[in-house]
Amino acid sequence: MKILVPLKRTADPDNANKIKIAPGGAKVVTDGLEPKPNPFDEYAVEAALRLTENGTNPKARLAGDSVVVATFGPKEASQTLRQALAMGADSGLLFESTDDNLDGDLVARALAKVVEKEKPDLVVMGKQAVDGDSNQVGQILAERLGWPSATFAMSIELSQDKKSVIVGREVDGGVIKLKLTLPAVITVDLRIVSPKSITNHVTPATHNYQEGARYAPLPMIMAAKKKPLAEAPFASLGADGLKTSYVKFEAPPARKAGIKVKDVPELVQRLRAEAKVL
Amino acid sequence: MAKILVVAELGSGALKKTTHSAITFARTAAQGTGGSFDILAIGRGAEVAASVLGTFGAGSVLIAEDPYVADYVGERYSPTVASVAKSGGYDVVVITASAFGKDLGPRVAARLEAGVASDIARVETDGGKLSYKRPMYAGNATATMTVNTSIQVVTVRQAEFEAAAPSGGSSAQSKVGVERQPSGDKVEFVAFEESVKSARPELTEASTVVSGGRALKSADGFKTVLEPLVDAFGAAMGASRAACDAGYVPNDLQVGQTGKVVAPKLYVAVGISGAIQHLAGMKNSKVIVAINKDPEAPIFQAADYGLVADLFKAVPEFADAVKKAKAEG
Ligand SMILES: Cc1cc2nc3c(=O)[nH]c(=O)nc-3n(C[C@H](O)[C@H](O)[C@H](O)COP(=O)(O)OP(=O)(O)OC[C@H]3O[C@@H](n4cnc5c(N)ncnc54)[C@H](O)[C@@H]3O)c2cc1C
Ligand SMILES: Nc1ncnc2c1ncn2[C@@H]1O[C@H](COP(=O)(O)O)[C@@H](O)[C@H]1O
């Protein structure tokens, strides 16, 4: 089974409160913030690895299985791909582009071209890029490919014959279980990296994965340097044109400074008399 | 003159309150451009929902009810929504950005070759042209954007578009047939595993939300320490990701960038550090209270009232005081 994981490089999401708005609101400036893989895409890589390995011996893919990571971004985004290769992915594809020249629709159309070339059995990707917070590429890609899909996955169970998956979708009020016939698109939610989220019938059912995406140990980081990583211009994919325009950016209004109260009685008194919410 | 199609959300056969936010968007956009709106109800219960949906001032209510679209499956809903949008000559398709809308909106857009404005907080109608404000970077930037295609798809934040109230009257109703695409047969709806229902208000609709974090230490901590405070306020209960991940409470109580976005009159954060992903989901609340034993916790930078205290001592006292205050009226 071949899995394609599209992956975006984002400015350190844990420090998104340090972004700046360029004068005139022309753009968001992320200078000084360390580039990191979009966390949901890291989870997608982790999910793809779990689907294609024996969890008790995660050094090698199962025979015939592979995980390919792909990104549209600046040249430096190849570092982000290397990080995924160090986690265990087999090969990487960088299509060089600047972020301003992309929107969700164009990313999806370009991904459809990559799918045409790579012919994966499954696309596993993040539910949302935490910089743009759009949450749309997976849905658009699935409709364009005419593939069945499941968004916001918190569990994936691969059938024994590897021809279908049962996906648990985290939605309002519970979990929707869908059975998809492969090839398919899956977008993952936070809980896809919990210890028992993935079943592939090779990893023993008793095996518990670590919580979260795996760290790359040093030997894997070294090995990743030798893994294939192809680079090509974005234009080579033959997809262009934007359906949306970003006109202006602003900082959100600042909250006025609050106060510390000394005890519960003061808190209650202020909530009644001052804030009038009690 | 925008002609707008609202897609209603049905859950377990009943109309969901999320729909009312999309209707508010439609009213605002229709008024600002001198346009009009219709509502599409699709799924099990659409016919029953139609009579309620007919009281919001829509030109007409369209009904698609068929076993093929009984339960929500994106691939099965998108062809019908797109086909109604196209044949009806709509300019905008709007859905509330719940799990349903976030999934369906972009699919419909893909079928219509439309651009998407997702999870918007505001619509502007200057000069009859629609533009949208949407938070990005976990709410640390607000972008103004436009959609360049002749038909646009918009998903709206429930917390930012107040629920529409009925305006009376009854809209015309008509039935529409369902459309299919091959991928719809490659997805099978297996089950909806509902999380335990509580008698408390819905997180996204409540006027007070009390949320707990990792510091509550266990499901039992939520039950015995936090819940009395939640109920003293008659509030909805929320949680941080850490508390959900640890299994203290169901995942759909998660407030934040990647969970629910809330903007109640009062938000109380108990034992929550205030990571930016959490702040993204609650910092537009009117009044914020934080209880945390660490005076340096970032949550205090967002709080109007901060109490530095051990929650296991302060919260029971707070719950009692709230009960007393409420009893006094
Ligand atoms: C991709 C991604 C998406 C995310 N999305 C979300 C999201 O949507 N929502 C969300 O909430 N998080 C989200 N997070 C996680 C977020 O970064 C934080 O890890 C999380 O919010 C922390 O939860 P917490 O505050 O409960 O726990 P902690 O950070 O561990 O904080 C616990 C707090 O409790 C205080 N405390 C401890 N004991 C006591 C006591 N006895 N009395 C009083 N105070 C006490 C401590 O001082 C501390 O401040 C996301 C993370 C990632 C990577
Ligand atoms: N520039 C990009 N390169 C590769 N994948 C991307 C890119 N942008 C978005 N994606 C993928 O699409 C998912 C959803 O992104 P979005 O719809 O923009 O929130 C991400 O989690 C990625 O898997």
Side-chain angles (χ1 to χ4, degrees), chain A residues 13-14 16-17 19 21 28 103-105 108 128 130-136 139-140 143-144 146-149 151-152 166 170-181 190-191 242-252 255 258-261 264-265 267-268 270-272 275 277-278, chain B residues 11 73-75 78 98-99 102-103 106-107 109-111 115-116 118-119 131 135-149 181-183 186-195 241 251-252 257-258 265-266 276 283 287 302-308 314 317-318 321-322 325:
Chain A
D14 288 324
N17 54 343
I19 59 163
I21 310 291
V28 172
D103 67 6
D105 165 76
Q128 109 192 38
V130 296
D131 47 5
D133 283 334
S134 290
N135 194 331
Q136 51 177 281
Q139 296 88 313
I140 299 174
E143 290 283 339
R144 287 201 163 268
W147 286 10
S149 63
T151 53
F152 323 149
I166 293 180
E170 200 172 317
V171 299
D172 304 330
V175 177
I176 291 178
K177 289 242 160 104
L178 295 179
K179 183 177 177 191
L180 314 178
T181 306
L190 301 168
R191 256 63 70 167
L242 295 177
K243 293 191 167 69
T244 57
S245 307
Y246 279 80
V247 183
K248 193 176 73 179
F249 296 91
E250 293 160 276
R255 276 191 88 87
I259 58 160
K260 291 245 171 74
V261 296
V264 169
L267 174 60
V268 171
R270 285 187 185 269
L271 290 179
R272 294 203 93 178
V277 288
L278 191 67
Chain B
V73 170
E75 285 80 359
S78 63
S98 57
K102 284 179 176 169
D103 187 70
R107 292 173 184 278
R111 300 189 69 81
V116 188
S118 56
D119 212 16
S131 66
M136 294 171 73
Y137 293 90
N140 290 292
T142 306
T144 303
M145 64 164 305
T146 57
V147 177
N148 311 328
T149 47
Q181 63 173 334
S183 61
K186 295 182 191 147
V187 191
E188 192 186 310
F189 183 92
V190 179
F192 178 42
E193 293 166 0
E194 224 171 338
S195 45
R241 173 184 174 185
N251 295 337
D252 62 341
Q257 180 184 16
T258 54
K265 288 203 185 82
L266 174 64
I276 68 157
K283 68 179 179 189
V287 177
D304 300 286
Y305 301 104
L307 176 62
V308 180
E317 191 188 342
F318 191 20
V322 170

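Reckoned from all heavy atoms, side chains included, excluding hydrogens, waters and symmetry mates.
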Discussion item. Taking side chain as everything from C-beta outward and backbone as N, CA, C, O, which of these in A/Leu180 sits under 4.5 Å from a heavy atom of chain B? Side chain, backbone, both or neither.
Written reply: both

Item to complete: Answer with side chain, backbone, both or neither: which region of A/Val28 has an atom nearer than 4.5 Å to a non-hydrogen atom of chain B?
Response: side chain

Worksheet item: salt bridge (charged side-chain N to carboxylate O under 4.0 Å, His left out) with B/Glu317: which residues, sequence neighbours excluded?
Response: none

Response to the item:
Bottom line for A/Leu267: the part with an atom under 4.5 Å from chain B's heavy atoms is side chain

Worksheet item: How long is the gap from NZ on B/Lys283 to CZ on A/Arg255, to the nearest 0.5 Å?
Response: 10.0 Å

Item to complete: Using non-hydrogen atoms and a 4.5 Å limit, figure out which bit of B/Gln181 sits close to chain A: side chain, backbone, both or neither.
Response: side chain

Worksheet entry | Greatest number of heavy atom pairs closer than 4.5 Å to chain B - which of A/Asp14, A/Asp103, A/Leu242 | A/Asp14

Worksheet item: Should A/Arg270 and B/Asp304 count as an ion pair when the cut-off is N to O under 4.0 Å?
Response: no

Discussion item. Can you tell me which portion of A/Gln136 sits under 4.5 Å from chain B's heavy atoms? Options are side chain, backbone, both or neither.
Written reply: both

Worksheet item: Is chain A contacted by the side chain of B/Leu307, its backbone, both, or neither, given a heavy-atom distance below 4.5 Å?
Response: both

Worksheet item: Any luck finding a side-chain donor-acceptor pair between B/Asp103 and A/Gln139 under 3.5 Å?
Response: no

Worksheet entry | N/O donor-acceptor pair under 3.5 Å between A/Arg272 side chain and B/Ala325 backbone | yes

Discussion item. Quick check on B/Arg107 against chain A: is it the side chain, the backbone, both or neither that has a heavy atom closer than 4.5 Å?
Written reply: both

Worksheet entry | chain A interface, residue from B/Val73, B/Leu266, B/Thr258 that has the most non-hydrogen pairs under 4.5 Å | B/Thr258

Worksheet item: Just by modelled atom types, is the A/Ser149 backbone N or O under 3.5 Å from a matching donor or acceptor in the B/Glu75 side chain?
Response: yes

Worksheet item: Distance-only, no hydrogens or angles: does the A/Thr244 side chain make a donor-acceptor pair with backbone N or O of B/Gly115 under 3.5 Å?
Response: no

Worksheet item: Would you say the side chains of A/Ser245 and B/Asn148 form a donor-acceptor pair under 3.5 Å?
Response: yes

Discussion item. So, taking the atom named CD in B/Glu188 and the one named OG1 in A/Thr181, what distance separates them when rounded to the nearest 0.5 Å?
Written reply: 8.0 Å

Show the atom names and distances, to 0.1 Å, of all donor-acceptor pairs under 3.5 Å that link a side chain in residues 137-144 of chain B to residues at least two apart or in another chain.
residue: B/Asn140; atom: ND2; partner: B/Tyr137; partner atom: O; Å: 2.9

Worksheet item: Of the listed residues (A/Val268, A/Leu278, A/Leu190), which shares the most heavy-atom pairs with chain B below a 4.5 Å separation?
Response: A/Leu190

Worksheet item: Side chains of B/Ser78 and A/Glu143: is there a donor and an acceptor less than 3.5 Å apart?
Response: yes

Worksheet item: Which region of A/Phe152, side chain (C-beta onward) or backbone (N, CA, C, O), has a non-hydrogen atom less than 4.5 Å from a non-hydrogen atom of chain B, or is it both or neither?
Response: side chain

Fill in: Under 4.5 Å from a heavy atom of chain B, the part of A/Ile19 involved
side chain

Response to the item:
Highest number of heavy-atom pairs under 4.5 Å with chain B among A/Asn135, A/Ile21, A/Ile166, A/Ile259 belongs to A/Ile259

